[in-house]
Amino acid sequence: MKAPKPPRDSTLAVDAMTQRQAKREHARLEAEIKTHDEAYYSKDAPTVSDAEYDALRKRYEAIEAKFPDLKTLDSLSRKVGVAPSRGFSKVRHAVPMLSLQNAFSDEDVADFAGRIRRFLNLKEGEPLSFTAEPKIDGLSMSLRYEDGVFVKAATRGDGFEGEDVTANIRTMKEVPEKLKGRDIPPVCEVRGEVYMTKAAFLELNKRQAELGEQLYVNPRNTAAGSLRQKDASVTATRPLHFFAYAWGEMSEMPADRQSGMLKWMKGAGFPTNPLWRIADSVDEMLRFHHDVGLDRAELEYDIDGVVYKLDRLDWQERLGFVSRSPRWAIAHKFPAERATTVLRDIEIQVGRTGALTPVAKLEPVTVGGVVVQNASLHNEDYIKGIGNDGNPIRGGTDIRIGDTVTIQRAGDVIPQIVDVVLEKRPKSAKTYEFPTKCPACGSHAVREEDEAVRRCTGGLICPAQQVERLRHFVSRNAFDIEGFGEKQVQAFHADGLVMEPADIFTLADRDRRSTKKLMDREGYGETSVRNLFDAIDARRKVPLNRLIYGLGIRHIGETNARLLALHYPTIEALREAALAATPPSGEKGDKGNDAWQELNATEGIGEVVAMAVVEFFKEKHNREALARLLKEIEVTALERPRQDSPVAGKTVVFTGALEKMTRDEAKAMAERLGAKVAGSVSKKTDYLVAGPGAGSKLAEAKKHGVTTLTEDEWFVLVGGK
Ligand code: IVH
């Protein structure tokens, strides 16, 4: 007879473990926790529920409590596992983080080399080598490793004391958790620059602008803002990078030259900038500066000069410091990136989502080697001299057409107007009136309270927004037309075949009469065209809530569309209500007329949403486009929630930063599937769907024994609906 199998380590109670079993299980848990951490922090895609993760951590710590020698210096229990929500505590630098002196001309560089020669008393002809490295325009960071394991990250601060941003830095893939290779000194402080690429900066700012949120000035500020997030899970969503180039406290030195240290840091697992060179003479230093300057615009990140460092570390030591900079290094800056020129005109660009952005048309001027004719003016308030926070900027000076302005190419990105030269303001300078009509379509453009951005309301017909709106119109939760996705919208719009929603439904008819048939297009055949037309026909009947959602009215997501459809039985009723509504004038006691109050009192619909509905229907272009659409389709009653879904009748709460859907989408999806969505967790809650950064609700759910799901688990539960 076979002996019964011993229980597997992973199911064994900690109390029943032998030392060997404990060691194995401890290692297994460590690996598993690390995989989850990596998924959570670096890839931003959690792989287990928080409850499961906590259970792993608890077991890991329980093993260490019983077998203390397993708690080594690099034990996970010594580290901050989950991003704590906190202020930043101070860290005193073991070795101060100093700055560099600047050189602005070739002579400055020659003087620098000469001073070093004299100081070291070098004989003529004695070789003097420097490393020449790009000067990265980011923020400096000190990373402390003990026994090869990352323990602390600190910003530069005042050079002596910085801020503890360990949890934030831990979210960066490029910063190694453990140093590679043998012979790692017990204490290592590696220093370098955290930066963001220009492309990532532009992308992030575009999103911020569309959301009407604070704009960052340049990649460096953006990197700093991204890093100094109290909630490290926000940092995790920002693409930050790192280059190592210096060090602080080192218990032993692994090399005796700067170049050797750069190689060592690379070998230990840090990214180092690949452009650095050895320069054996002033000429070579200057050549490097020149060459890097030429390539600068093509680099993915901003640099603002190059840094020369004496290669021999023993010589560095002899040279020491003057005040707060080393004598053995210097930053050779690139020419100023500012210039003054005349503002000829201001043009308005309309973005995909209808945001009106002012662009300065300038008398061409060369800034940092590039001819600039356009510059960003951000928004209406910026022109008036008001900052994002409502406080005056530039001392409250507005920008007028005809003004002489200072422009800045903020680190190779879109140039900006940063100041006005008031002494040069001509009498003829004209105050700029920001348009209240969309220059692309003539619809009125409105600005919501507390919003910096003015937006076009002619969503359905505005050429600048058409593609985006059509894409929304055919999307899954709106008209859901199969085989009519982004690609088709783009192509049909480019060919002038589909410019507004109604055109989708007249496409087949027009095709019949046309000589240029759809089926003759590349990628189409008889069957695919028939399928497309069938799919369109299948959506000629549409539930009211989907129609309202599909119109793309600002603030009307699926939930609000459903609420409106619950209250107003037809689209005509909604239109008439919106047209009849007069919002409050702002005078005391004026609450708006009855129609406004009814719209505003619709369950769940607040003032901002009601206003957006009124603005939409007030725009004649929209009413006309809607009328053309209504000729083609039949609107049916509100879609009833599904009763056959796995979550029908259940109560669901969403919390944390959802990543695959917006909160509104999540709520609408749950409701469509027949679930009730609640705002807080109680005994009655069936599921808590928690994204990263979930806090008190998660604790509450644990207390009540509520099932907690990640976003992915939620999708699995509802069958990927
Ligand atoms: S060496 C003792 N190397 O420039 C000084 N600094 O103005 C050690 N920087 O605070 C700094 N790239 O933030 C050094 N390759 C590089 C650099 C670099 C950018 C920044 C760093 C420093 C500032 C000095």
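In each ligand, atom 1 is the first atom listed, and ligand 1 is the first ligand listed. All residue numbers refer to positions in the sequence shown, counting from 1.
- Residues K384 and Y432 have side chains not in contact (no heavy-atom distance under 4.5 Å, counting atoms from C-beta outward).
- In this view, E249 and R144 satisfy the side-chain hydrogen bond (donor to acceptor under 3.5 Å, both in side chains) rule, not counting sequence neighbours.
- Side-chain atoms of Y301 and H241, non-hydrogen and from C-beta on, never get closer than 4.5 Å to each other.
- Residues satisfying the side-chain hydrogen bond (donor to acceptor under 3.5 Å, both in side chains) criterion with R318, sequence neighbours excluded, are absent altogether.
- For D419, there are no salt bridge (Lys or Arg N to Asp or Glu O under 4.0 Å) partners, not counting sequence neighbours.
- For ligand 1, the protein residues placed under 4.0 Å by at least one non-hydrogen atom are L98, L100, E133, P134, K135, I136, S140, R156, E193, Y245, V307, K309, P326.
- Side-chain contact check for D280 and S129: at least one donor-acceptor pair (N or O, by modelled atom type) lies under 3.5 Å.
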